[in-house]
Amino acid sequence: MSKLTKEEILKMARENDVRFIRMQFTDLFGTLKNVAITSSQLEKALNNQCMFDGSSIEGFVRIEESDMYLYPDYDSFTIFPWRPQQNKVARLICDVYRPNKQPFEGDPRYILKRALQEAAEMGFSFNVGPECEFFLFQTDADGKPTTITSDKGGYFDLGTVDNGENVRRDITLVLEDMGFEIEASHHEVAYGQHEIDFKYDEALRTADKIETFKLVVRTIAKHHGLHATFMPKPIFGINGSGMHVNMSLCRDGKNAFADPDDPEGLSKEAYSFMAGVLAHIRGITAITNPLVNSYKRLVPGYEAPVYIAWSAKNRSPLIRVPAARGSGTRIELRCPDPSCNPYLALAVILRAGLNGIKKGLTPPAPVNQNIFHMTDEQRKAAGIESLPGGLKRAVEAMQRDGLVRETLGEHIYNQYVLAKNKEWDEYRVLVHPWEIEHYLAKF
């Protein structure tokens, strides 16, 4: 049930001199799209009468079935703080529907809603807190992004070497104006790398916030003459950007992952949820790490987890249980990166965890030593497997996982596999600079 009503939104638009409204939705790959309308069309849009051509959106529909409607989420109405104070611009996040008033099966937001409905039927709500990392780079004389940064900061450094501090400050202020509760912002490990953390929320709201976060970060960076990128590994030899996902289930208003009588403080549901995620993680990886470039980050030695294990004691496994207990009990999945579609990523993670609860799965014993320092023989003896080593292998693992296919539905599943195989083929046949450097003179 929406907190805002149609009448309240119309009143807010009038009183705040809102002249343009961006009706936002996402495509298959999490790219934010929008149809802009004027305030004169707002009431019509709030009545679910805003139509657009779905055949122009990648992964949507064929041209002969192209008419789609945008159904706005009233509670997402927000005025953009960075736009002019006269003739203001607002936005509404929308679900995509077919003309027969049925949800479009290719809408990523619908896929997450469907997974959340399953959780609700089991008595759970799903809370998620992401940790979104990004790089700030200079632009060239034509305004095109480079991979050059004047920032020489490191982890938690101050403004004397962290030239991105003012950008982070402005991003944080804009996000707070838009209703975010910012918990922390800081410089990350690599030059030019930053992180801003906002408070956890119910999963659908969190996915909406991730999309809004990316828009705000890019917009404010551009105002500073910089380019913000959520590309997982833009520079060789330094840490890439991740999007660690902290999550918990709630039941009857209480954290369902907490059990003070357990040695680790974890409930049976927490263990089973974690076991379900571990059981399906190889099939999930093509969603949580969707680019060819994602697998340049997922290599040992750069703090990116590649080994399928869990621990409450160290950060090298795929899943970590942070120290907070009681209402703060949660598990942290460390492999996702910020290029993923948050709606699809959270949907497949949730359904894998719920499947673990349904089946009463038990995770393997925790691995409390640094897995990166273990030998191949030691990891093999401990039964520690690895994530897929590239996009092609990740897609193949996804195709072997019936739960992922069921979660996505046939439309998104087929479109996604087709697109990712095409992406891999385009990458595979290119002649890369490394090959020229190493082979041209030698052979």
Side-chain angles (χ1 to χ4, degrees), residues 29-32 82 130-175 182 184-197 210-244 289-304 335-340 390-391 423 426-427 430-441:
F29 308 112
T31 303
L32 199 59
W82 64 85
E131 301 174 24
C132 294
E133 297 173 344
F134 58 93
F135 280 86
L136 291 175
F137 291 128
Q138 296 179 30
T139 56
D140 64 17
D142 296 323
K144 295 180 180 178
T146 70
T147 55
I148 301 170
T149 177
S150 59
D151 168 0
K152 299 299 181 183
Y155 206 39
F156 295 135
D157 272 343
L158 297 175
T160 52
V161 289
D162 173 10
N163 291 335
E165 188 173 62
N166 288 336
V167 186
R168 286 203 312 274
R169 171 187 174 276
D170 289 351
I171 291 169
T172 297
L173 292 174
V174 167
L175 289 171
I182 303 300
S185 71
H186 61 87
H187 199 288
E188 260 295 338
V189 175
Y191 291 169
Q193 189 182 34
H194 306 269
E195 180 178 316
I196 299 175
D197 300 328
I210 291 170
E211 293 291 81
T212 300
F213 177 84
K214 292 180 181 180
L215 173 65
V216 170
V217 169
R218 292 193 183 103
T219 300
I220 303 306
K222 189 173 182 179
H223 288 179
H224 282 262
L226 299 173
H227 175 74
T229 181
F230 294 93
M231 180 179 177
K233 186 80 169 184
I235 301 177
F236 169 74
I238 64 175
N239 286 13
S241 291
M243 189 184 75
H244 300 173
N289 305 87
L291 307 182
V292 167
N293 182 256
S294 297
Y295 300 87
K296 305 296 177 71
R297 166 182 169 257
L298 290 178
V299 294
Y302 294 98
E303 297 190 8
C335 64
D337 69 55
S339 69
C340 72
L391 181 60
E423 181 179 341
E426 289 176 352
Y427 170 77
L430 286 177
V431 178
H432 299 276
W434 185 94
E435 297 171 86
I436 300 296
E437 181 181 346
H438 285 75
Y439 301 144
L440 188 63

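Counting from 1, the numbers follow the sequence of the chain as shown.
- The backbone N or O of K144 sits nowhere less than 3.5 Å from a side-chain atom of D142 that would complete a donor-acceptor pair.
- Once rounded to the nearest 0.5 Å, the distance linking CG of L136 with NE2 of H187 reads 8.5 Å.
- Looking at E435, its side chain does come within 3.5 Å of a backbone N or O of H432 through a donor-acceptor pair.
- Between C335 and N289, some side-chain heavy-atom pair lies under the 4.5 Å cut-off.
- Using a 4.5 Å heavy-atom threshold, the side chains of H194 and S185 count as separate.
- Remark: the backbone N or O of E131 is not paired with any side-chain donor or acceptor of E195 at under 3.5 angstrom.
- At least one side-chain heavy atom of M243 sits under 4.5 Å from a side-chain heavy atom of I210.
- Contact annotation: the side chain of I238 never approaches that of Y191 to less than 4.5 Å [non-hydrogen atoms, C-beta and beyond].
- With sequence neighbours excluded, no residue forms a side chain to side chain donor-acceptor pair (under 3.5 Å) with N293.
- Counting heavy atoms from C-beta outward, L391 and Y427 have side chains that stay 4.5 Å or more apart.
- With contacts defined as side-chain heavy-atom distances shorter than 4.5 Å, the pair L291/C340 does not qualify.
- The CD1 atom of I196 sits 4.5 Å away from the CD1 atom of I171 when rounded to the nearest 0.5 Å.
- Using the six-membered ring where Trp is involved, Y439 and W434 have ring planes that are perpendicular, over 60° apart on the 30 and 60° scheme.
- Taking CZ from F135 and OG1 from T149, the interatomic distance works out to 9.0 Å, rounded to the nearest 0.5 Å.
- Ring pair F134/F213 is perpendicular by interplanar angle, where above 60° counts as perpendicular and below 30° as parallel.
- The distance from the CG atom of D197 to the OG1 atom of T172 is 10.0 Å, given to the nearest 0.5 Å.
- Counting all heavy atoms, side chain and backbone alike, Q193 lies closest to S241 at NE2-OG, 3.3 Å.
- Put simply, CG on L173 and CD1 on I220 are 9.5 Å apart, with the number rounded to the nearest 0.5 Å.
- Residue pairs meeting the side-chain hydrogen bond (donor to acceptor under 3.5 Å, both in side chains) criterion with at least one member in residues 214-226, sequence neighbours excluded: D170-H224.
- Within the model, atoms CD of Q138 and CG of D140 stand 10.5 Å from one another, a figure rounded to the nearest 0.5 Å.
- Minimum heavy-atom separation, R297 to D337: NH1-CB, 3.8 Å.
- Closest approach of P145 and T139 over heavy atoms only: CA-CG2, 4.2 Å.
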